[in-house]
Trainee: 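Right, I'll just put the structure down here and ask away after.
Every heavy atom of this structure was used, including side-chain atoms; hydrogens, water molecules and symmetry mates were not. Protein chains get the first letters and strands the later ones, always in sequence-line order, with residue 1 at the start of each.
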Protein chains: 2
Amino acid sequence: MRKQGSPSLQREPSGEAFGRKPITARELARMLGVSQSAVSRAFTPGASIAADLRERILKYAAEVDYQPNAIASMLSKSRTNIIGIVVSDMQNPFYPGLIEKLSRSLQRIGLQSLLFNITKGSNLEEQLSALRRYNVDAVIVISATILSGSTLSWATEGRPAILINRVIEDTNLSCVACNNVEGARAIADHFHRQGARRVAYVAGLSHTTTNRERQSGFVTRIAELGMTLSAQIEGREYSYYAGRKAALEIAAGKNTDAIFFANDILAIGGIDALREEAGCRVPDDILVAGFDDIPMAGWPHYNLTTFRQPVDEIVRVVVEMIEGDTSALLRAATTIRLSGELIERRSTGAEPDAE
Amino acid sequence: MRKQGSPSLQREPSGEAFGRKPITARELARMLGVSQSAVSRAFTPGASIAADLRERILKYAAEVDYQPNAIASMLSKSRTNIIGIVVSDMQNPFYPGLIEKLSRSLQRIGLQSLLFNITKGSNLEEQLSALRRYNVDAVIVISATILSGSTLSWATEGRPAILINRVIEDTNLSCVACNNVEGARAIADHFHRQGARRVAYVAGLSHTTTNRERQSGFVTRIAELGMTLSAQIEGREYSYYAGRKAALEIAAGKNTDAIFFANDILAIGGIDALREEAGCRVPDDILVAGFDDIPMAGWPHYNLTTFRQPVDEIVRVVVEMIEGDTSALLRAATTIRLSGELIERRSTGAEPDAE
DNA sequence: TTGAAAGCGTTACCAA
DNA sequence: TTGGTAACGCTTTCAA
């Protein structure tokens, strides 16, 4: 191989102003007159090594700024301590918060997050091949859309995978999701309590599980309550502008008391459009509710009633699943539903508690 | 080592239902009756190997689903193809978009993004030690705050590092930043054109370079134009609520024609507070401008005049720096300033063009 | 162009 | 508890 050099000479013979090559365990061992195995043991928590030897090694290591090379460790252990996080849109404000919490929780237990930002346009398999080559220990999929179950199985290739807020039946993929049906029913109940009788639903991406569950949960419950479904806008995207457009269509019908939007960003667009283009007052003329409880929903301007996703719980459960026996995840894929919480705010005429 | 097994036996002797262990280059070579080196060469773009041999290997590899193990390659090449991305707050909506574009551009040239989400609370060195152990090829720092130059130098340890929107003097760190001074001056000029004479500035985090540059650029320019600085709110955070609070303080003074907020999220909070709490009309009573041009700024409800950061350019330049000779980055740290664009919208009384 | 073999820096097995 | 040493799966040098 190229870089050999005499033991005491660290620098490249060439003039590369590259930072010094980091010291290795073998060098450290030689300097201390111990075996290289000892060095490895000193850095391995449960290893059988005398306390004083370990201390001596760690102390000296700190002095010469030695740190075990994680790459070599990965190769040797066949474990990377890297979790692949597959994301497809970070524009929906719900996701950045989730990703942030997730990566921090993982970091806290020594796991790093490798981000895979997939786009619908290009070749998915190509984008995901890195997921396999990098030998990530597990995969967390946050993208509500795009990936088919089979593509995902291919990409994870026998690695534990956990989907967040997306349920795929008939596969060996685990899921952690908010109880969307419960949430949607809670919104329906709340609308009913607030006196609405003619209600509308605005879908997000119609084929996503989040949307389907929220939609059917809502529609079912309003029927049970004897309310009328005055409108149902189908199959747009989860975006502010889609929310505006849907709201205007509904307002034009003049036969709706309350609108449930599939998520907050839609609802926020809806509120703006209702107030500024349709000339409706929210909540006086029409009630509006969303889903997620993104930070914006709490802003005084929107004051949006919504169903809060249990983000912290979701993160906790996902991290626990990964931290625990990961091979158990492979043996039996589990789907976990977590309860959220109805947050009543002014957009449905509720008097918000002090928050 | 433990997992040995006879050549044709792939599974663990124990009952682990773990997915089959992936095939290695050596096995592939043996199956094809070629050398393992040949397999390696087949997957190495410029390698000297006969075209037909390569083709035969690649074809067979595809059949048996072989992919080179990236970890082994890292160890052997001392190159990981991983870029560390250091982030500290993903709540400011400007960042998710940037991170998304960045990671996609990197992916396109075969580089993966390892996310380091640092929190101010806990021990920074501990959080960043992984950055060193994982041998990332380069580091991109998106956090406007938190890290001192020296901590950063320690963490990157001789690796190329690029700061986005943060300029650190006197170090060997490269920077790519928006021309904040130019932007702030453009806002001042625009205010002047719109007839404002008494203007206020609302700072973000006062010690950040983005804030300092925007502030001094603005203050200097309004002086040149003979305008009055009617108020200057110092040292809050970059948040919606900080914007609200600052706006109310300024409105209470009743002596301000226009407010320049250090970024859009502040400005958006400001607009809401002015309209809904202070009873001011924007832009009729007071003009408001921000900085960044986040998606929300374009929403009809806000219609915020702002200075658009050249995000695509920033990403392009950063990726080029990394793609190019990275050791050059180490020899001479460069600071690159990119021009943005004034986006005139209704919050300063401008009639927006069709966008 | 090809193959053999020496690393890369760890971990884990085996004796001592 | 320790040290020696064989993997881990590649890349790259060196000869052929």
Trainee: If I take atom CG in residue L53(A) and atom P in nucleotide dG3(D), what distance separates them, rounded to the nearest angstrom?
Mentor: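 Distance check: L53(A) CG to dG3(D) P gives 6 Å.
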Trainee: L131(A): what forms a side-chain contact (heavy atoms from CB on, under 4.5 Å) with it, not counting sequence neighbours?
Mentor: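 By the side-chain contact (heavy atoms from CB on, under 4.5 Å) rule, L131(A) matches V86(A), F116(A), L128(A), V136(A), V139(A), A155(A).
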Trainee: Hey, could you give me the CD1/CE distance between I71(A) and M74(B), rounded to the nearest 0.5 Å?
Mentor: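 Here the rounded value is 5.0 Å.
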Trainee: Rounded to whole Å, how long is the line connecting atom CG of L32(B) with atom P of dT2(C)?
Mentor: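 Rounded to the whole Å, the gap is 13 Å.
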Trainee: Can you find a side chain N or O atom of S76(B) that sits less than 4.0 Å from OP1 or OP2 on dC10(D)?
Mentor: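 Answer is no, no contact under 4.0 Å.
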Trainee: What pairs with E126(A) under salt bridge (Lys or Arg N to Asp or Glu O under 4.0 Å), at least two apart in sequence or on another chain?
Mentor: none
Trainee: Could you please name the option among dG9(D), dA12(C), dT10(C) that lies closest to any side-chain atom of K77(A)?
Mentor: dA12(C)
Trainee: Does N135(B) offer a backbone N or O that forms a donor-acceptor pair with the side chain of T80(B) under 3.5 Å?
Mentor: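 Confirmed, T80(B) side chain pairs with N135(B) backbone.
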Trainee: Rounded to whole angstrom units, what separation is found between the CD atom of E27(A) and the C1' atom of dC8(C)?
Mentor: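 Rounding to the nearest Å, CD of E27(A) and C1' of dC8(C) are 12 Å apart.
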Trainee: Whole angstroms only, please: what is the CZ-P distance between R26(B) and dG9(D)?
Mentor: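 About 9 Å, once rounded to whole Å.
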Trainee: Going by the rule side-chain hydrogen bond (donor to acceptor under 3.5 Å, both in side chains), which residues pair with T151(B) if we only count those two or more places apart in sequence or in a different chain?
Mentor: S148(B)
Trainee: List for me each residue that meets side-chain hydrogen bond (donor to acceptor under 3.5 Å, both in side chains) alongside S174(B), sequence neighbours excluded, and say none if there are none.
Mentor: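 Listed in chain order: nothing, the list is empty.
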Trainee: With hydrogens left out and only the distance checked, is there a donor-acceptor pair under 3.5 Å joining S37(A)'s side chain and the base of dG4(D)?
Mentor: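 It does, because a donor-acceptor pair links the side chain of S37(A) to the base of dG4(D) below 3.5 Å.
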Trainee: Of all residues at least two apart in sequence or in a different chain, which pass the salt bridge (Lys or Arg N to Asp or Glu O under 4.0 Å) check with R316(B)?
Mentor: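 If we apply the salt bridge (Lys or Arg N to Asp or Glu O under 4.0 Å) test to R316(B), skipping adjacent residues, the hits are E313(B), E320(B).
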Trainee: R79(A) has an atom CZ; how far is it from atom P of dG9(D), in whole Å?
Mentor: 17 Å
Trainee: Hey, what bend do you get for the helix from dT1(C)-dA16(D) to dA16(C)-dT1(D) if you fit axes on five pairs at each end, rounded to 10°?
Mentor: 40°
Trainee: Sequence neighbours left out, what passes side-chain hydrogen bond (donor to acceptor under 3.5 Å, both in side chains) with S103(B)? Give chain and number order.
Mentor: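 Listed in chain order: N117(A).
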Trainee: Applying salt bridge (charged side-chain N to carboxylate O under 4.0 Å, His left out), which residue pairs with at least one partner in residues 40-55 of chain A are found, sequence neighbours left out?
Mentor: none
Trainee: Just the rounded figure in Å: distance from P of dG9(C) to CG of L28(A).
Mentor: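 In whole Å, dG9(C) P and L28(A) CG are 14 Å from each other.
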Trainee: Name every residue in residues 39-46 of chain B that has at least one heavy atom under 4.0 Å from any atom of DNA chain D, in order of residue number, or write none if there are no such residues.
Mentor: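 Only S40(B), R41(B) qualify.
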Trainee: Let me know the distance between NZ of K21(A) and P of dT10(C), rounded to the nearest Å.
Mentor: 11 Å
Trainee: Is there any salt bridge (charged side-chain N to carboxylate O under 4.0 Å, His left out) pair reaching into residues 102-111 of chain B, and which pairs are they, with sequence neighbours excluded?
Mentor: E100(B)-R104(B)
Trainee: So, does S76(B) use its side chain to make a donor-acceptor pair with the main chain of A72(B) at under 3.5 Å?
Mentor: no
Trainee: Would you please name every residue forming a ring pair (Phe, Tyr, Trp, His ring centres under 6.0 Å) with Y134(B), sequence neighbours left out?
Mentor: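 In terms of ring pair (Phe, Tyr, Trp, His ring centres under 6.0 Å), with neighbours along the sequence ignored, Y134(B) is linked to no residue.
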Trainee: Once you apply a heavy-atom cut-off of 4.0 Å, does I49(B) come out as touching a base, just sugar-phosphate, or nothing?
Mentor: sugar-phosphate
Trainee: Going by heavy atoms closer than 4.0 Å, what residues in residues 54-73 of chain A are next to DNA chain D?
Mentor: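 Those residues: none at all.
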Trainee: Ignoring the backbone of S35(A), work out which of dG9(D), dG3(C), dG4(D) is nearest its side chain.
Mentor: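 Closest nucleotide among those given: dG4(D).
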Trainee: How many whole angstroms separate atom CG of N81(B) from atom P of dT11(D)?
Mentor: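 My rounded result for the distance is 11 Å.
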Trainee: Which residue lies toward the 5' end of DNA chain D, A50(A) or Q36(A), if each is placed at its nearest nucleotide?
Mentor: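 It is A50(A), whose closest nucleotide lies nearer the 5' terminus.
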